[in-house]
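Everything on this sheet refers to the single structure shown next.
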Amino acid sequence: MRIGIMGGTFNPIHLGHLIAAEQARDGMGLQEVWFLPSNIPPHKEPETGAAAEQRLEMVRRAVSGHPQFRVNDLELRLGGKSYSVNTVAELQKQHPDHEFYFIIGGDMVQYLPNWHRIEELVRKVFFIGLQRAGTTLDPDSLPDWIREKVVMIPMPMIQISSTDIRGRFAEKQSIRYLVPDEVRSYIEENGLYES
């Protein structure tokens, strides 16, 4: 089974994440996309707002209506920093018959050489880079051994970010149509991102 891995803090998950996952699923013929909320992302400063269990619940609600989207809480259970190479190794141990594809933003592709233990990670997975309209990637900037493991998929320009959603909610602005209704309800019911 061909599985796409969609990682992130999802603080909160929004429609941009879901559209990206669907573009990757459709473009690469993936049987499923698994959303893995990060415990502590190694490349980002700690974010405030929602606790890990709350982020997980928002992802559960966001993907519940899609028959090929799943939630996997592996990185939260592993704890510590969520290094992709460790996550993929554990997934391959648990699901040896699956083929995993790591879904990343096109702007992240050029930083792949800097990822933790990238040589090992490249041997384990392919990368699906979602290339936004109007952006370009210089493939020659990547070493051959990485470039041959990256597939670029077109992605519509979606200007939604979790940071913006947190800010809008704190300022009592509408987040309708930026997140699924089930996620918006959860944020409101639990008073997330109010300050």
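Gln92 places a side-chain heavy atom less than 4.5 Å from the side chain of Phe100. Annotation: side chain of Ile104 is in contact with side chain of Trp115 (closest heavy-atom distance under 4.5 Å). Counting only heavy atoms from C-beta outward, the side chains of Val109 and Leu142 approach each other to under 4.5 Å. The shortest side-chain heavy-atom distance between Asp107 and Arg132 falls under the 4.5 Å cut-off. A heavy-atom distance below 4.5 Å is not found between the side chains of Phe69 and Val59. A 4.5 Å side-chain heavy-atom check between Pro12 and Ile187 finds at least one atom pair inside the cut-off. The shortest distance between side-chain heavy atoms of His116 and Lys81 does not fall below 4.5 Å. Within the 4.5 Å cutoff, side-chain heavy atoms of Pro156 are placed close to those of Gln23.
Residues passing the side-chain hydrogen bond (donor to acceptor under 3.5 Å, both in side chains) test with Asn114, sequence neighbours excluded: none.
Under the 4.0 Å criterion applied to side-chain N and carboxylate O atoms, Glu119 and Arg123 are not assigned as salt-bridge partners.
Residues Glu32 and His98 bring no donor and acceptor atom of their side chains to less than 3.5 Å of each other. Checking Thr87 against Glu75 by side-chain atom types alone, a donor-acceptor pair falls below 3.5 Å.
When all heavy atoms are compared, the tightest approach of Ile118 to Pro113 is CG2-O, 3.7 Å. The two residues Gly49 and Leu192 make their nearest non-hydrogen contact at O-CD2, 4.2 Å. Between Phe10 and Pro37, the shortest heavy-atom contact is CD1-CA, 3.8 Å. Minimum heavy-atom separation, Ala24 to Ile103: CB-CD1, 3.6 Å. Contact between Met152 and Gln131 at its shortest, heavy atoms only, is CE-CB, 3.6 Å. Contact between Met58 and Ala50 at its shortest, heavy atoms only, is CE-CB, 3.9 Å.
Classified by interplanar angle (parallel below 30°, tilted 30° to 60°, perpendicular above 60°), the ring pair Phe169/Tyr193 is perpendicular.
Counting only distance, with no hydrogens or angles, the side chain of Arg166 and the backbone of Asn11 share a donor-acceptor pair below 3.5 Å. A donor-acceptor pair under 3.5 Å links the side-chain atoms of Lys149 to the main chain of Val125, judged by distance alone. Under the 3.5 Å distance criterion, the side-chain polar atoms of Ser185 are left unmatched by any main-chain donor or acceptor of Glu182. Between the side chain of Asn72 and the backbone N or O of Leu74 there is at least one donor-acceptor pair closer than 3.5 Å. A donor-acceptor pair is defined here as one N or O able to donate and one able to accept, closer than 3.5 Å; such a pair exists between the side chain of Asn190 and the backbone of Tyr186. Counting only distance, with no hydrogens or angles, the side chain of Arg117 and the backbone of Tyr83 share no donor-acceptor pair below 3.5 Å.
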Practice problem: Test side-chain contact (heavy atoms from CB on, under 4.5 Å) on Val150 and Arg147 and set out the steps. | Solution: CA-CA 5 Å; Val150 176; Arg147 188 172 54 235; 5.9 Å; no

Quiz prompt | Test side-chain contact (heavy atoms from CB on, under 4.5 Å) applied to Val33 and Tyr101, step by step | solution = CA-CA 9 Å; Val33 175; Tyr101 294 78; over 6 Å; no

Self-check item: side-chain contact (heavy atoms from CB on, under 4.5 Å) between His14 and Leu178, intermediate numbers included
Solution: CA-CA 6 Å; His14 55 69; Leu178 299 176; 5.6 Å; no

Exercise. Would you please test Arg55 and Leu76 for side-chain contact (heavy atoms from CB on, under 4.5 Å) and show each step?
Key: CA-CA 10 Å; Arg55 293 186 287 114; Leu76 301 179; 4.1 Å; yes

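Here the straight-line distance linking atom CD1 of Ile160 with atom CD1 of Ile165 works out to 6.0 Å at 0.5 Å rounding. One distance of note links CD of Glu90 with NZ of Lys93; it measures 4.5 Å at 0.5 Å rounding. Residue Ile3 holds its CD1 atom at 13.0 Å from CE of Met28, rounded to the nearest 0.5 Å. Interatomic distance, Leu112 CG to Ile146 CD1, rounded to the nearest 0.5 Å: 6.0 Å. Expressed to the nearest 0.5 Å, how far CE of Met6 lies from CZ of Phe102 amounts to 10.0 Å. Residue Leu36 holds its CG atom at 13.5 Å from CZ of Arg70, rounded to the nearest 0.5 Å.
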For residues 170-177, run the donor-acceptor check on the side chains, cut-off 3.5 Å, and write out each pair with its distance to 0.1 Å, sequence neighbours left out.
unit_1 : atom_1 : unit_2 : atom_2 : d
Ser174 : OG     : Arg176 : N      : 3.1

